[in-house]
Protein chains: 2
Amino acid sequence: MSHGDSRKKILSAATRLFQLQGYYGTGLNQIIKESGAPKGSLYYHFPEGKEQLAIEAVNQMNEYVRLKITESLEKCSDPAEGIQSFLKELSCQFTCPENIEGLPVGLLAAETSLKSEFLRHACDQAYETWENAFAEKLQQSGFCENKAKEISTVINSMIEGGIILSITRKDSKPLLHIANLIPKLLKT
Amino acid sequence: MSHGDSRKKILSAATRLFQLQGYYGTGLNQIIKESGAPKGSLYYHFPEGKEQLAIEAVNQMNEYVRLKITESLEKCSDPAEGIQSFLKELSCQFTCPENIEGLPVGLLAAETSLKSEFLRHACDQAYETWENAFAEKLQQSGFCENKAKEISTVINSMIEGGIILSITRKDSKPLLHIANLIPKLLKT
DNA sequence: GTCTATAAAGTGATAGAC
DNA sequence: GTCTATCACTTTATAGAC
């Protein structure tokens with residue numbers, strides 16, 4: 001209700017809905033309605049409209065997920081355990097299907113990377129951020145830079161794909177099976 | 001131009017566009033235009049409209065990809081080599097970004113699994129089909145049923161995620177990195 | 001089987017008052 | 001900062017002629 005809340009509320013609702021329904025599946029009306037913010041304020045806070053909103057949403061997911069990854073990795077000295085911890089936390093979100101939050105950007109990325117270069121770039125940067133977070137940890141445990149980056153790309157792919165399968169199946173098992181196989185992937 | 005072509009042409013254009021742009025990002029007008037089929041024929045051939053069209057498109061991808069997978073697997077006695085062969089063929093599609101075809105259903109699955117139970121089910125079945133194709137090969141090479149299914153789920157996830165990363169990065173490397181790590185995943 | 005015309009609703013976006 | 005009203009456009013879908 002206070003003064004500076006509207007922008008935050010709109011961005012937060014947009015972030016959630018874009019993740020769940022995609023860019024074209026989410027209308028501005030729905031965002032306004034779910035945010036509870038006043039209708040007139042959308043184009044005041046986001047003068048460039050829907051695209052700007054989506055880019056800022058992706059940037060927010062970028063930072064949010066980066067934080068979750070580093071939190072999990074810092075808890076464990078063994079990188080495999082750290083990644084498994086992240087995956088297990090992620091998989092918990094699929095028990096209560098409405099409270100999903102902090103899901104990576106795969107849907108937006110796939111939808112819009114052929115249509116908006118700005119959005120594609122924002123998604124690309126998010127993937128790079130997360131890849132670097134994983135790769136840094138792997139290098140610390142003895143992998144060379146190239147190998148660390150290669151493995152991190154694969155881990156990113158597994159996570160994005162695992163999320164899609166878990167959503168489609170309404171079942172967190174795909175993400176948990178991925179977690180199980182992580183140690184094998186990091187064997188030297 | 002001949003009599004029975006319209007239905008096929010519409011379905012084929014729809015399949016391609018849904019994969020690239022998603023369900024909500026693709027309009028019926030665009031499908032008609034790209035198919036070259038007469039405008040009046042869409043609701044004659046697909047009386048239940050867009051949803052029916054999407055479900056049939058998913059079923060078509062299901063069968064098309066299943067064929068590609070089994071072709072690759074049958075070429076090689078070693079399952080790891082077979083999967084790598086499939087991934088390499090898949091990655092070739094990212095060199096000419098417009099000629100993409102036979103891409104799995106991740107985008108449609110993620111977009112619509114919360115909104116249409118019928119579509120969700122069609123995507124779910126596609127994943128199951130492909131998982132079974134991989135799992136059968138793994139069982140033949142000595143894995144027990146449970147382990148074979150678990151690994152196949154992970155492979156499915158990697159492929160879906162790898163496609164999304166490759167699209168976003170405009171680069172086939174993610175899929176190729178996945179191919180490189182497949183043997184490690186199948187070590188016993 | 002295919003056509004045109006059109007309905008009915010929704011979309012993103014803008015203008016101008018308050 | 002927020003409001004209402006409205007624009008121009010697109011969307012899915014239907015009706016009825018041919």
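Numbered from 1 within each chain, the chains take letters A, B, ... in sequence-line order. No hydrogens, no waters, no symmetry mates; every other heavy atom, side chains included, goes into these values.
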Is it true that the side chains of B/Gln30 and B/Glu34 contain a donor and an acceptor less than 3.5 Å apart?
-> no

Look at B/Tyr44 and C/dT2 and indicate whether a side-chain polar atom (N or O) is within less than 4.0 Å of OP1 or OP2.
-> no

When rounded to whole Å, the CZ to P distance for the pair A/Phe46 and D/dT2 reads 12 Å

Keeping to residues at least two apart or across chains, list the side-chain hydrogen bond (donor to acceptor under 3.5 Å, both in side chains) pairs with something in residues 138-147 of chain A.
-> none

C/dT2 C1' sits how many Å from B/Ile32 CD1, rounded?
-> 11 Å

Would you mind reading off the distance between A/Ile10 atom CD1 and D/dG1 atom P, rounded to a whole angstrom?
-> 12 Å

More than 12 heavy atoms from other groups under 6.0 Å of NZ on A/Lys173 = no

State whether A/Glu128 and A/Arg66 are salt-bridged, where the test is any N-O pair (Lys NZ or Arg NE/NH1/NH2 against Asp/Glu carboxylate O) under 4.0 Å.
-> no

Could you go through residues 71-82 of chain B and list every donor-acceptor pair under 3.5 Å that involves a side-chain atom there, pairing it with any protein atom two or more places apart or in another chain?
residue, atom, partner, partner atom, Å
B/Ser72, OG, B/Lys68, O, 3.3
B/Lys75, NZ, B/Ser85, OG, 3.3
B/Asp78, OD2, B/Glu81, N, 3.4

Quick one: do the A/Glu56 and A/Gln60 side chains pair a donor with an acceptor below 3.5 Å?
-> no

Between A/Glu131 and B/Arg169, is there a salt bridge with N-O shorter than 4.0 Å?
-> yes

Give every pair of a protein N or O atom and an N or O atom of nucleotides 3-6 of chain C that lie under 3.5 Å apart, one pair per line with the distance.
residue, atom, partner, partner atom, Å
C/dC3, OP2, B/Lys39, N, 2.9
C/dC3, OP2, B/Gly40, N, 3.2

Nucleotide C/dA13, atom P - distance to NE2 of A/His45 in whole Å = 17 Å

Please give the angle, rounded to 10 degrees, between the axes at the start and the end of the helix from C/dG1-D/dC18 to C/dC18-D/dG1, where five pairs define each axis.
-> 0°

Is the phosphate of D/dT2, meaning OP1 or OP2, less than 4.0 Å from a side-chain N or O of A/Ser6?
-> yes

Scan nucleotides 9-18 of chain D nucleotide by nucleotide, 5' to 3', and note B when protein non-hydrogen atoms come under 4.0 Å of the base, S if they reach only the sugar-phosphate, - if neither.
-> --SBBB----

Spacing between A/Leu17 atom CG and C/dT11 atom P, to the nearest angstrom | 12 Å

Would you please say whether a donor-acceptor pair under 3.5 Å links the side chains of B/Asp124 and A/Thr168?
-> no

Do A/Gln21 and B/Tyr24 have a side chain donor and acceptor closer than 3.5 Å?
-> no

Hydrophobic cluster (4.5 angstrom, side-chain heavy atoms) - remaining members for A/Leu107 = B/Leu107

Quick one: do the B/Glu160 and B/Tyr127 side chains pair a donor with an acceptor below 3.5 Å?
-> yes

